[in-house]
Every structure is written in structure tokens, then in C-alpha cells.
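Written below as C-alpha cells is the structure these notes are about.
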Amino acid sequence: MELFNSALGKNITFVRPAYFIIRGFIGIPNVKYYFVFLCFLYIVSVLANTAVMAVICLAHNLRTPKYIIVFNLAFVDVFGNSALVPKVLDVFLFNHPHIPYNDCLTFLFFCYACLSMQALNLVALSYDRLIAISFPLHYQVKVTHRFMLCVIASFWLFVVTALLIVVGLLTRLSFCQSVVIKSHFCDHGQLFRLACNDVTPTFVVALLLRVVILWFPLIFILCTYLYIGYALTKVATVQERVKALKTCTAHLSLVAVYFFPILITFIFGRNIHPNARIINLSLSSVLPPTLNPIIYVLQTQEIKESVRKLLKIRILRK
């Protein structure tokens with residue numbers, strides 16, 4: 001961060017508060033029950049995603065390029081919820097709203113990194129379904145372990161680099177008035193709007209990242225399924241079409257669970273109550289990581305069969 005602070009000259013002084021104050025969920029009756037609910041979702045998320053990762057590691061038939069993405073998605077879900085929920089509970093349930101300046105930027109970095117990786121993982125899964133259904137004869141050549149590992153690594157590199165730029169630009173802002181963040185975490189939009197100097201570079205980067213990490217993945221996924229639908233119209237029998245669509249149901253469910261609440265927030269954000277916005281954002285951060293492993297276990301035949309085999313082996317050993 002010193003690189004950003006020294007880039008414009010030594011005579012510039014930035015006003016940085018010792019801490020920020022996170023203030024959300026104001027005036028909501030019995031809000032503690034909501035935090036208990038978030039804690040429950042967090043526990044379920046960690047246990048379920050850890051189980052999915054364990055099954056993928058132990059089951060030899062799941063060591064395919066597709067399940068590299070699923071493993072990474074489960075890892076991101078555990079990591080993201082672990083970065084967000086314990087701190088939210090500490091702030092609101094145990095009444096510790098003050099968060100040091102550097103801790104707030106770190107909090108922001110990890111929360112947004114995991115949210116971004118969730119969207120990009122869904123892009124990778126949609127590409128996998130596109131090749132598997134539309135070009136089945138080329139699947140083994142185009143979708144290899146090496147290719148998928150490179151895709152996931154490039155996504156991580158992009159997200160980490162982009163968010164380092166975001167955090168670096170935030171360190172160029174002066175906070176000389178309010179330090180109260182009206183959200184449930186160190187929300188980037190709420191944070192940079194507290195600054196009292198020029199926020200144009202930060203605002204522009206925020207818009208670009210919203211396009212790249214939210215709208216581009218959604219458009220790519222929609223175009224992918226439009227092409228898959230077109231490809232399925234050429235399939236001879238209805239049974240073959242239904243069978244192909246069944247392989248996409250888990251991924252489509254994940255897409256709906258992830259994008260629907262976020263789109264509601266961005267489209268109607270200015271017209272809904274601040275508390276409704278905060279609750280919707282917090283649920284859109286915590287609920288998808290909880291539902292993702294459940295959706296995959298219930299809707300993916302390969303995982304269900306692998307779980308049954310692993311349980312049989314364990315029972316026979318006993």
C-alpha cells in the first residue's frame with residue numbers, strides 16, 4: 001500500500017481514521033434472532049462444504065476437471081463465510097462495532113474476493129456444461145485437468161490483483177468527517193462515499209469491476225445456455241434432451257441462488273429500506289454458500305453415488 005501512497009508525491013497527506021464504526025440493522029426488533037440464524041447458516045455451510053471437498057478428494061471417479069471447479073467453489077464458500085459471518089456476529093451480537101482502519105480494508109478484501117470468485121466459478125461451470133453438451137466428442141480434449149487448473153488460477157490472479165487495486169485506491173482517500181459505515185461489513189460503496197476528497201478513480205474502478213465480476217459472468221452464462229438450448233434442438237429424441245438438461249439443473253440452481261438476490265439489491269437498491277438492503281446483501285453472501293453443497297449433493301448423481309460408495313466402504317471396514 002505504501003506504493004500507492006507515495007505515487008503522487010511526498011507532500012500529499014491523507015487523513016485516515018484510527019477506526020471505522022459499522023452500523024447496520026438499526027431499529028429492527030428482535031434482530032438477535034437473525035444473527036443466530038446467520039450463525040446456523042454458517043455452521044451448516046462449513047460442515048456441508050467441507051464434506052463436499054472431502055468426498056471429491058476421496059472418490060476417484062470425481063477427480064475430473066468439472067470437480068476441480070466444484071472443489072474450488074466449496075473452498076471459496078467456506079473461506080468467504082468464515083471471513084464474513086464471525087466478524088458480523090462479533091460486531092452486532094457482541095456489540096464490537098469499532099474496527100481498525102487496516103482491519104476494515106482487509107475485511108473488505110477477503111469478503112469481495114470470495115464473492116467475486118463465486119461468480120467466476122459459475123462461469124467456469126457453465127463453460128464445462130457448454131462443451132460437454134454441445135461438443136461432447138471434443139470434451140476430453142478441450143476440458144483437461146491442466147486447462148481447468150489454469151482457468152481457476154487465472155481467476156484467482158485476476159481477483160486478487162483487481163482487489164489490491166481497489167484497496168490501494170481506498171488508501172488514497174481522506175476520511176475527515178463521518179467514520180460510520182451503514183452496512184453489515186466494510187462495504188466498498190458505503191466506505192468510499194465517506195471520503196472528503198476526490199473519489200472519481202475509486203468510483204470508476206468500482207463500476208468496471210461490477211461489470212467484469214457481476215454483469216459479464218451473468219451475460220456469459222445466459223449466452224452459454226442459449227447456445228446449449230439451440231444445440232439441444234438438434235438432438236433427435238426428447239429423452240436425450242431431458243437427460244442433457246438434467247446435467248445442468250444443479251448449475252442453474254447455483255446461478256439463480258447467487259445472482260437473484262444480488263440483482264435485486266443493485267436494481268432496486270435505491271428504492272428499498274436500508275435495513276432491507278443490508279438483510280438482502282447479508283443473505284446473498286451467506287445463503288448461497290450454504291445451499292451450494294446441498295444442491296450439488298441432491299441434484300448431482302455422481303456425488304450421490306460417490307457418497308454411497310464411501311459410506312459402504314466405511315461400514316464394511318467397521
Side-chain angles (χ1 to χ4, degrees), residues 1-2 4-5 12-43 45-46 78-116 160 163-199 201-203 205-206 209 265 269 272-287 289:
M1 293 180 185
E2 293 298 326
F4 288 92
N5 297 334
I12 297 177
T13 302
F14 299 104
V15 179
R16 294 172 184 166
Y19 56 83
F20 290 101
I21 301 173
I22 300 179
R23 292 288 185 193
F25 306 105
I26 297 173
I28 302 177
N30 300 316
V31 70
K32 289 186 177 180
Y33 294 111
Y34 178 69
F35 300 134
V36 173
F37 176 64
L38 287 183
C39 183
F40 170 76
L41 290 180
Y42 171 64
I43 293 170
S45 171
V46 171
V78 172
F79 189 41
N81 267 1
S82 297
L84 177 67
V85 177
K87 188 61 183 177
V88 170
L89 296 178
D90 181 57
V91 168
F92 295 102
L93 197 58
F94 300 104
N95 196 26
H96 297 140
H98 296 76
I99 179 168
Y101 176 85
N102 288 329
D103 290 358
C104 189
L105 296 185
T106 304
F107 188 23
L108 178 150
F109 177 87
F110 285 113
C111 288
Y112 277 101
C114 293
L115 282 172
S116 302
V160 169
L163 286 171
L164 284 176
I165 293 172
V166 168
V167 172
L169 288 172
L170 286 175
T171 64
R172 307 308 309 274
L173 301 179
S174 293
F175 301 90
C176 43
Q177 296 179 9
S178 176
V179 293
V180 178
I181 302 172
K182 296 178 181 179
S183 186
H184 64 292
F185 75 118
C186 290
D187 190 336
H188 181 255
Q190 296 288 324
L191 186 59
F192 79 76
R193 288 184 178 88
L194 296 176
C196 51
N197 59 340
D198 185 18
V199 299
T202 300
F203 178 72
V205 169
L209 285 181
T265 301
I272 61 177
H273 193 276
N275 282 335
R277 176 184 175 276
I278 293 171
I279 290 174
N280 188 53
L281 274 178
S282 60
L283 281 177
S284 65
S285 301
V286 179
L287 199 56

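Not measured: the values here are computed from a predicted model.
Closest approach of Leu281 and Ser284 over heavy atoms only: O-OG, 2.8 Å. Looking at every heavy atom in both residues, Gly27 comes nearest to Pro29 through O-CD, 3.5 Å. Residues Cys114 and Phe79 share a closest heavy-atom pair of SG-CD2, 3.5 Å. Nearest heavy atoms, Tyr112 versus His188: OH-N, 3.2 Å. Across all non-hydrogen atoms, the minimal contact from Ser45 to Asn81 is OG-ND2, 3.0 Å. Considering every non-hydrogen atom in both Ile181 and Asp187, the closest pair reads CG2-N, 4.2 Å.
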Evaluation steps, side chain to side chain contact (heavy atoms under 4.5 Å, CB included), between Tyr101 and Leu170: CA-CA 11 Å; Tyr101 176 85; Leu170 286 175; 5.6 Å; no
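Contact check for Gln190 versus Ile278: no side-chain heavy atoms found under the 4.5 Å cut-off. Taking 4.5 Å as the limit, some side-chain heavy atom of Phe20 sits within range of a side-chain heavy atom of Leu191. Side chains of Lys182 and Ile26 form no contact here, defined as non-hydrogen atoms less than 4.5 Å apart. Side-chain contact between Arg172 and Thr202 is absent, with no heavy atoms from C-beta onward closer than 4.5 Å. No side-chain heavy atom of Val166 sits less than 4.5 Å from a side-chain heavy atom of Phe109. Lys32 has its side chain within reach of Leu93: a pair of non-hydrogen atoms, C-beta onward, lies under 4.5 Å apart. Val91 is not listed as a side-chain neighbour of His96, based on a closest heavy-atom distance of 4.5 Å or more.
The OH atom of Tyr19 lies 15.5 Å from the CG atom of Asn102; values are rounded to the nearest 0.5 Å. Distance CG/Leu84 to CG/Leu89: 9.0 Å, rounded to 0.5 Å.
In terms of the salt bridge (Lys or Arg N to Asp or Glu O under 4.0 Å) criterion, residue partners of Lys87 (sequence neighbours excluded) are, by chain and number, Asp90.
Sulfur atoms SG of Cys111 and Cys186 are positioned 2.5 Å or more apart.
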Please tabulate, for the side chains in residues 34-43, all donor-acceptor contacts under 3.5 angstrom to protein atoms that are two or more places apart in sequence or on a different chain.
residue : atom : partner : partner atom : Å
Tyr34   : OH   : Ile279  : O            : 3.4
Tyr34   : OH   : Ser282  : OG           : 2.5
Tyr42   : OH   : Ser82   : OG           : 3.1

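The aromatic ring centres of Phe185 and Phe110 sit 6.0 Å or more apart.
A side-chain donor-acceptor contact under 3.5 Å links Ser178 to the backbone of Val180.
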